[in-house]
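One structure is given below, encoded as structure tokens.
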2 protein chains.
Amino acid sequence: MQHSVSSLLKQHGLRDTQSRRLVLHALVKGNKPLSQKEVYETIKRTDGSINLVTVYRILEKLEELGMVHRHLSSGGFVLCSLEGHAGHHVFLSCQDCGKVEECADPELCRHEDRIARSAGFIPKTHLSELLGLCSSCHTR
Amino acid sequence: MQHSVSSLLKQHGLRDTQSRRLVLHALVKGNKPLSQKEVYETIKRTDGSINLVTVYRILEKLEELGMVHRHLSSGGFVLCSLEGHAGHHVFLSCQDCGKVEECADPELCRHEDRIARSAGFIPKTHLSELLGLCSSCHTR
DNA sequence: TTTATAGATGCAAATATTTTGCAATTAAAT
DNA sequence: ATTTAATTGCAAAATATTTGCATCTATAAA
């Protein structure tokens with residue numbers, strides 16, 4: 001795990017630093033959107049020490065590079081789980097436990113394109129969020 | 001216009017106050033998502049006087065009642081232009097001029113439902129945002 | 001290895017944003 | 001007109017975000 005995070009950083013041309021590993025690790029463990037402060041607190045609580053300002057700066061950079069996304073309704077950060085799907089992401093957000101999954105659906109993408117064009121828009125990117133209950137929350 | 005804003009307030013069981021009229025009016029004129037501060041500044045610049053705290057409180061209440069929506073990517077507030085479509089809104093956002101249109105598309109809604117269900121989710125509400133260039137911006 | 005260096009981090013402090021408590025005001029029902 | 005619950009303004013507190021600068025460190029070159 002630690003290793004995969006390191007190579008993820010290198011793949012994106014970033015220095016493999018302790019702080020960045022901690023931030024990415026917090027997002028992986030969190031499995032839901034986390035604010036900068038939540039990332040900071042997760043790290044303090046478990047692995048080690050980091051500065052809140054550093055968390056801000058790291059998340060800003062990771063977002064620039066598309067390694068994390070800003071979750072729409074919560075504003076928190078989630079690790080981007082999709083490769084090669086820049087420009088179209090669908091979040092499935094559980095209103096109960098807060099878990100967020102991400103998926104891509106090419107057909108939905110085309111459908112949204114059509115809507116945009118029929119309104120005279122030239123579409124560039126799409127964002128969608130579906131809010132509801134995840135399987136483990138609604139079976140209970 | 002002033003009158004329609006007043007009746008809009010009453011329709012939702014809200015007192016028809018000067019401050020609320022100013023806030024709604026600012027959103028109508030803005031024709032794009034505005035943050036609390038932007039609403040505040042619009043009002044100061046044009047119509048009259050209001051307190052920033054009041055703007056926060058009014059927008060919070062209008063959002064609760066579904067009269068305005070939080071725009072996803074910008075975080076600003078936009079007047080809800082649709083009646084009877086609670087739970088599914090598609091924003092068309094121009095990346096150049098910032099204009100935001102809103103529409104509803106029942107077929108898209110069903111499509112998103114299917115995606116959610118196939119991932120084991122029980123969907124409740126959907127949010128979509130299509131970013132691109134509006135007709136007047138891409139013809140130039 | 002060691003060294004040089006661009007990039008990353010920590011710390012302190014400045015800004016900006018959002019929330020809260022309370023007294024004064026006001027819309028609307030009687 | 002009077003009453004009253006809701007709304008607003010003001011001041012201040014609490015949070016969140018950004019900035020500047022000195023120090024440190026991951027990497028690449030020697």
Side-chain angles (χ1 to χ4, degrees), chain A residues 2-27 30 33-45 47-65 67-77, chain B residues 2-27 30 33-45 47-65 67-77:
Chain A
Q2 203 65 275
H3 171 261
S4 68
V5 160
S6 289
S7 55
L8 192 62
L9 287 166
K10 291 186 179 161
Q11 279 167 35
H12 288 81
L14 289 179
R15 284 196 187 174
D16 175 26
T17 70
Q18 170 74 356
S19 299
R20 286 184 179 143
R21 286 191 296 269
L22 289 172
V23 167
L24 285 172
H25 199 229
L27 291 175
L34 299 177
S35 68
Q36 296 99 331
K37 199 178 179 188
E38 287 167 335
V39 168
Y40 170 73
E41 282 165 353
T42 301
I43 293 171
K44 298 284 274 195
R45 183 158 13 84
D47 303 314
S49 121
I50 197 169
N51 187 288
L52 177 57
V53 175
T54 300
V55 175
Y56 270 90
R57 295 200 265 226
I58 287 175
L59 287 170
E60 183 183 23
K61 173 142 291 188
L62 296 181
E63 192 187 13
E64 260 174 46
L65 296 175
M67 294 174 66
V68 302
H69 292 303
R70 208 86 204 228
H71 178 62
L72 305 174
S73 60
S74 69
F77 294 84
Chain B
Q2 202 65 275
H3 170 262
S4 68
V5 159
S6 289
S7 54
L8 192 61
L9 286 166
K10 290 185 180 161
Q11 280 167 34
H12 288 82
L14 289 179
R15 285 194 187 176
D16 176 26
T17 70
Q18 170 74 356
S19 299
R20 286 184 178 142
R21 287 191 296 270
L22 289 172
V23 167
L24 285 172
H25 200 229
L27 290 175
L34 298 176
S35 68
Q36 296 99 331
K37 200 179 179 188
E38 286 168 335
V39 168
Y40 171 73
E41 282 164 353
T42 300
I43 293 171
K44 298 285 273 196
R45 183 159 12 88
D47 305 314
S49 120
I50 198 170
N51 187 287
L52 177 56
V53 174
T54 300
V55 175
Y56 270 89
R57 296 198 265 225
I58 288 175
L59 286 170
E60 184 183 20
K61 173 145 292 189
L62 296 181
E63 192 188 13
E64 259 174 47
L65 297 175
M67 296 173 66
V68 302
H69 292 302
R70 207 90 204 227
H71 180 61
L72 304 176
S73 60
S74 69
F77 294 84

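Lettering of chains follows the sequences in order, A, B, ..., and the numbering in each one begins at 1. The model shown is predicted, which means the values in this text are computed figures rather than measured ones.
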### Message
So, taking the atom named OG in B:Ser35 and the one named NE2 in B:His71, what distance separates them when rounded to the nearest 0.5 Å?
### Response
12.5 Å

Identify the pairs formed between an N or O of the protein and an N or O of nucleotides 28-30 of chain C at a distance under 3.5 Å, and give each distance.
residue : atom : partner : partner atom : Å
C:dA28  : OP1  : B:Asp16 : N            : 3.0

### Message
With rounding to the nearest 0.5 angstrom, report the CZ to CG distance, A:Arg57 to A:Leu52.
### Response
10.5 Å

### Message
Go through it in stages, so that I can follow the logic: the residues are B:Leu27 and B:Thr42, the test is side-chain contact (heavy atoms from CB on, under 4.5 Å), and I'd like the CA-CA distance, side-chain angles, deciding distance and then a yes or no.
### Response
CA-CA 9 Å; B:Leu27 290 175; B:Thr42 300; over 6 Å; no

### Message
Distance check needed: C:dA8 P versus A:Leu62 CG, whole Å only.
### Response
11 Å

### A:Leu22, A:Val55, A:Ile50 screened by side chain to side chain contact (heavy atoms under 4.5 Å, CB included) with A:Val39, the one that passes
A:Val55

#### Entry: Beyond-backbone contact of A:Phe77 with A:Glu38, side-chain heavy atoms, under 4.5 angstrom
no

### Query
What is the distance, rounded to the nearest whole Å, between atom CG of B:Leu9 and atom P of D:dA6?
16 Å

### Summary
Between CG of B:Leu22 and P of C:dA27 the distance, given in whole Å, is 12 Å

### Query
Given side chains that start at C-beta, do those of B:His69 and B:Glu63 come closer than 4.5 Å, heavy atoms only?
no

### Query
Quick one: B:Lys61 NZ to C:dA27 C1', roughly how many Å, whole number?
14 Å

### Message
Evaluate A:Leu14 against A:Arg20 for side-chain contact (heavy atoms from CB on, under 4.5 Å), listing each step before the verdict.
### Response
CA-CA 9 Å; A:Leu14 289 179; A:Arg20 286 184 179 143; 4.0 Å; yes

### Message
Please encode protein proximity along nucleotides 9-19 of chain D as a string of B, S and -, counting only heavy-atom distances under 4.0 Å.
### Response
BBB----SBBB

### Spacing of B:Gln18 atom CD relative to C:dT25 atom C1', expressed in whole Å
14 Å

### Message
Expressed as a whole number of angstroms, how long is the span from B:Glu60:CD to D:dT8:P?
### Response
13 Å

### B:Gln18 side chain near B:Arg21 side chain, heavy-atom distance below 4.5 Å
yes

### Task
Just do the side-chain contact (heavy atoms from CB on, under 4.5 Å) check on B:Lys61 and B:Met67 with the steps written out, would you?
CA-CA 9 Å; B:Lys61 173 145 292 189; B:Met67 296 173 66; over 6 Å; no

#### Entry: Interatomic distance, B:Ile58 CD1 vs C:dT19 P [rounded to whole Å]
15 Å

### Query
Rounded to the nearest Å, what distance is computed from the CZ atom of residue B:Phe77 to the P atom of nucleotide C:dT17?
14 Å

